[in-house]
Amino acid sequence: MVRKPRETFGSRMGMLLAMAGSAIGLGNIWRFPYMMGKNGGAAFILLYVIMLVVLCLPVMVSEYLIGRRGESNPFSSFDRLAPGSKWRWIGFLAVLASACILSFYCVVGGWSVKYLADSCILAFSDEGDYALSFGSFISNPWKPLLYTLIFLALTGAIIVFGVRKGIERMSKVMITMLFVIIVMVVVRSLTLPGAIEGVKYMFVPDFTKVTADTCIAAMGQAFFSLSIGCGTILTYASYVKKDENILASSAWVSFFDTMFAIIAGLAIIPAVYAIAYMNGVEPDVSAGPGLVFITLPGVFSQMPLGNLAAILFFLALLLAAVTSAISLMEVVVAFIIEEMHRSRKKAVALCFLVCGVVGAFCSLSFGPLAGFKLFGLSVFDFFDYITSNIMLPLGGLLLAVFAGWRLRRANFLDELTNSGKLRIPRWLSLTIYYLVKLVAPIGILLIFLNTFFS
Ligand code: TRP
């Protein structure tokens, strides 16, 4: 059988925006602000950045390197770099983890479709009880299910078009729109009277809130937000040309992603503060997962130009979610195409079916299946927990161990410098090498053990 040449990204900018699109997602807009709200504001940002540089950047470089060198889905990439070894099952686990994440991710993606639709029909008014309406929406047996499937179908519709025409083209358009929109929302938020208190909260650290749990939370958040640990970056990197700079690309994507999380925080937190002061109540930014879907509609309903801000905000949320969901689906789709020899269309259909069914269980776990528990957690929380807190850090650990110990040092450095064509100073490439080989695995392991024994 003649193998069709593998697709690649068309341009460097397209590749960077696709990766940034994967990283920038619900993790930045929905998860980061409330994690920051719960864990001491600026202190959390600081810890997050430390985790990012010391643990996550090395893992991202490893994933990138394995994908570009392996030129295949996670399963086969490992197999090509270490033929016949057990490592390919790690690749298989990564594919599984991606499917698990996609299954609960598309539920929240569905909520954002619904909130965008609501804001377009101007459903947010002063008198609304948003906690109540959010609660009754997500516990409805079929409505959120419908939105979940709409979101998943949207994702599939992009993936069907392949790497260049689907992923790359849509990421370029959507990420550009996303930046423009979020900046508009930030301007609205910052120009509200009293917004400055929210800004202070974000940038003046409160170290009294930092505990061992904060470190774990910061690591989990960093892994999730950067899309590392389950083969997403690996799969995208397998479509990257050989002359790209692995280190620079990884650094750019991490930088974009962090900047965006902070910008999303600036869109949300100052507005929450301003409206709370207007109402004479204490601002509560630690509202947890409800921050975006409960607190914000209330905030939008009370501010001038709030309707427009709501439409823009939920559109941004949806765009961000879609560009991330396509990266998760592509891991599974690439695996099905290359290992099970199916067409792209069939692979997308299969993935839609499987994630749709699992996603349905996640969605129903807020309503009719609320009483059904796995290890004491609802189906949704179970998938969220095992992926973010166990599979991703474990995946990251194994990726770094593979790149640092299983690949030869010469090959690692060769790949990092594109066989010496890139002028990366020797001390820098060696630093990266030892971060990958020693610092990242040990660091992740320590934090991991800490979670289990505390
Ligand atoms: N990083 C995305 C976000 O912040 C979600 C995501 C996409 C992801 N691909 C991933 C998370 C792979 C973990 C692993 O929303």
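As the structure lists them, so they are numbered: ligands from 1, and atoms in each ligand from 1.
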Checklist line | Mode of Leu392 contact toward ligand 1 - side chain, backbone, both, neither (heavy atoms, under 4.0 Å) | finding: side chain
Margin query: Residue-level breakdown please: for Thr387 versus ligand 1, do any non-hydrogen atoms fall below 4.0 Å on the side chain, on the backbone, on both, or on neither?
Written below: neither
Next item on the list: Show which atoms of ligand 1 fall inside a sub-4.0 Å distance from at least one heavy-atom site of Ser225.
Entry: 1 (N), 4 (O)
Next item on the list: Mind running side chain to side chain contact (heavy atoms under 4.5 Å, CB included) on Leu116 and Leu317 for me, showing each step along the way?
Entry: CA-CA 9 Å; Leu116 175 60; Leu317 191 65; over 6 Å; no
Note to self: Can you confirm if the aromatic rings of Phe375 and Tyr385 lie within a centre distance of less than 6.0 Å?
What the structure shows: no
Notebook entry, point to check: Going from CZ on Phe223 to CG on Leu52, what distance comes out if it is rounded to the nearest 0.5 angstrom?
Noted result: 10.5 Å
Notebook entry, point to check: Which atom pair, heavy atoms only, marks the closest approach of Cys355 to Leu102?
Noted result: SG-CD2, 3.8 Å
Note to self: Closer than 4.0 Å to some heavy atom of Ala23 - which atoms of ligand 1 meet that?
What the structure shows: 1 (N), 2 (C), 3 (C), 4 (O)
Next item on the list: Apply the ring-ring contact (aromatic ring centres under 6.0 Å, His included) test between Trp111 and each candidate in Phe134, Phe104, Tyr147; give the one that qualifies.
Entry: Phe134
Item checked: Region of Ser327 that comes within reach of ligand 1 [heavy atoms, distance under 4.0 Å] -> side chain
Margin query: Please check whether Ile101 reaches ligand 1 - meaning an N/O of the residue sits under 3.5 Å from an N/O of the ligand, judged on distance alone.
Written below: no
Note to self: Judged on heavy-atom distance to atom 9 (N) of ligand 1, which of Ser227, Ala94, Gly395 sits nearest?
What the structure shows: Ser227
Margin query: Tell me the protein heavy atom at minimum distance from atom 2 (C) of ligand 1, and give that distance in Å.
Written below: Ser22 O, 3.2 Å
Margin query: What protein heavy atom lies closest to atom 12 (C) of ligand 1? Include the residue and the distance to one decimal.
Written below: Thr232 OG1, 3.2 Å
Note to self: Looking at ligand 1, would Gly229 count as a contact under a 4.0 Å heavy-atom criterion?
What the structure shows: no
Notebook entry, point to check: Does an N or O from Leu26, backbone or side chain, lie closer than 3.5 Å to an N or O of ligand 1?
Noted result: yes
Next item on the list: Determine the interplanar angle of the Phe255 and Trp252 rings, folded into 0 to 90°, and report it as parallel if under 30°, tilted if 30 to 60°, perpendicular if over 60°.
Entry: perpendicular
Next item on the list: Please work out which of Phe224, Tyr236, Trp30 has its closest non-hydrogen atom nearest to atom 11 (C) of ligand 1.
Entry: Phe224
Next item on the list: Step through it carefully: locate the ring centre of Phe179, locate the ring centre of Phe260, and say whether they are under 6.0 Å apart.
Entry: yes
Checklist line | Partner of Phe293 by ring-ring contact (aromatic ring centres under 6.0 Å, His included), out of Phe366, Phe137, Tyr115, Tyr34 | finding: Tyr115
Item checked: Electrostatic pair Glu415-Arg68, nearest N-O below 4.0 angstrom -> yes
Note to self: Tell me whether Cys230 has any N or O atom under 3.5 angstrom from an N or O of ligand 1.
What the structure shows: no
Notebook entry, point to check: Can you tell me if Tyr105 has a non-hydrogen atom under 4.0 Å from ligand 1?
Noted result: yes
